[in-house]
Amino acid sequence: MNLRFVRAVRWAVPVAVVMACGCADSGAFNQVRFGKACEGGESCLADLGAPLAVGASEELAFELELSGSTAPALSLESIAPDVLSVEGRRLTGAAPGVAAVLVNGPDDVVVDFIHVTVAEPDGARLIRYGADGSRKGPLPESFTLLAGDEVVVGVELTAQGERLAGTVSASWSGMTDAISVVPALEKDRFRIVARQEGTAQLTAAVADFATGMNVEVLP
Amino acid sequence: MTRTLLLGLLLAVASGCTVSLSPISEPPPAQVAAIAQDPATLTLSKGVALGVECSDNCEGQCRNVSVTSGDEDVVFVRRAFHLTEAEAYDGRHNPNAYVLAGKDVGTTTLTVTDDCATRVYAVTVVEAVK
């Protein structure tokens, strides 16, 4: 074991870090806090909160919880790459199962680990997000906007009706002169923009699934 | 080499010295990570990791520990950095912590040796519940 590393933190004790989001998961040793990386480089760690979908990816953020020491160089490693692959901090679901993700310090000493479940998706749905980025829930199949309105949506994969974590690329069809769909600043979200009076039947295709909505725009 | 190891093992058994690994973490729901001492067995679901620490009945804390897998493709072993509030370590780093992980379905052995004794665990890695 790296003695400098041990000496640097041997007097340290785990401390409860108050996160802005307050919903990250602790590792098995309570020495690292894990979560989904937030947009804009924020320091908060949002809860993964669901199994990762096969074919989807998630950027995993983590913070070492040791007082009296800055973090040494850390790397992630998957126990079962055939279930969950790791590239840098990016996790990608490969097959249903479970895989421990190790946080390795100097000399490959394990500082902590977390188990990630990977599940096969059986559907997709559209989710509405608020202006503050908060998740507002599933989007109705039909709704009405006024010209000039816009709605931020995301596409998420599901298994037996339950949300799966991870982002996958989505492609949209059905746009008209009345409705545009443009990527939002957040990488996995889209803006539905009402441009003028009319209707559109929008469809988002993601992985092997498609989900859609009917939109009417009033003047 | 084998004869020396066997002799050491017999002497340790005869003298009542034992060494063992105990869990310091939990498996995820529905998955298996179980370690037993008599008989010495370790069962893990594929993809699951288990934190363990070494203890013996000579000094309590193991000295000069080695934990070795008979097949790293079935179960692999890593040293762990584990801070503990346990009285024995006065809130400091536990030098005898390891992480064992089920790499693939199969059977093998896990041998733990310290200055006190040697114990060989029969290891089974089973398919994870999906």
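Quick note on labels: first sequence line is chain A, next is B, and so on, each numbered from 1. Just so it is clear, the values below take in all heavy atoms, side chains as well, and ignore hydrogens, waters and symmetry mates.
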*asked:* Suppose we screen for ring-ring contact (aromatic ring centres under 6.0 Å, His included). Which residues come up paired with A/Phe190, at least two apart in sequence or across chains?
replied: A/Trp172

*asked:* Is A/Leu102 close to chain B through its backbone or its side chain, or both, or neither, when contacts mean heavy atoms under 4.5 Å?
replied: side chain

_B/Glu72 atom CD, neighbour heavy-atom count above 12 within 6.0 Å_ = yes

_Tell me if the CG atom of A/Asp122 is crowded by more than 12 foreign heavy atoms within 6.0 Å._
yes

*Which bit of A/Asp112 comes within less than 4.5 Å of chain B, counting heavy atoms only: side chain, backbone, both or neither?*
neither

*Minimum heavy-atom separation for B/Pro28 to A/Val98, with atom names?*
CG-CG2, 4.1 Å

*Please identify each residue that fulfils side-chain contact (heavy atoms from CB on, under 4.5 Å) with A/Arg128, with sequence neighbours left out.*
A/Lys136, A/Leu139, A/Val151

_Can you tell me which portion of B/Val48 sits under 4.5 Å from chain A's heavy atoms? Options are side chain, backbone, both or neither._
both

*Before giving the answer on side chain to side chain contact (heavy atoms under 4.5 Å, CB included), spell out for B/Phe76 and A/Ile79 the whole-Å C-alpha distance, their side-chain angles and the decisive distance to 0.1 Å.*
CA-CA 9 Å; B/Phe76 85 64; A/Ile79 291 296; 3.3 Å; yes

*asked:* Would you say that B/Arg78 contacts A/Asn104 through its side chain, given a criterion of any heavy-atom pair below 4.5 Å between the two side chains?
replied: yes

*Pick one of side chain, backbone, both or neither for B/Glu127, based on which atoms fall under 4.5 Å of a heavy atom in chain A.*
neither

_Residue pair B/Lys103 / A/Pro81: nearest heavy atoms and the distance that separates them_ = NZ-CD, 4.4 Å

*asked:* Give me the atom names and distance for the closest heavy-atom approach of B/Gly47 to A/Ala80.
replied: CA-CB, 4.2 Å

*Going from NE2 on A/His115 to OG on B/Ser45, what distance comes out if it is rounded to the nearest 0.5 angstrom?*
8.5 Å

*Would you indicate whether B/Gln37, at its atom CD, is surrounded by more than 12 heavy atoms from other residues, nucleotides or ligands within a distance under 6.0 Å?*
yes

*Given side chain to side chain contact (heavy atoms under 4.5 Å, CB included), test B/Val99 with A/Phe29 step by step and report yes or no.*
CA-CA 11 Å; B/Val99 170; A/Phe29 292 160; 4.0 Å; yes

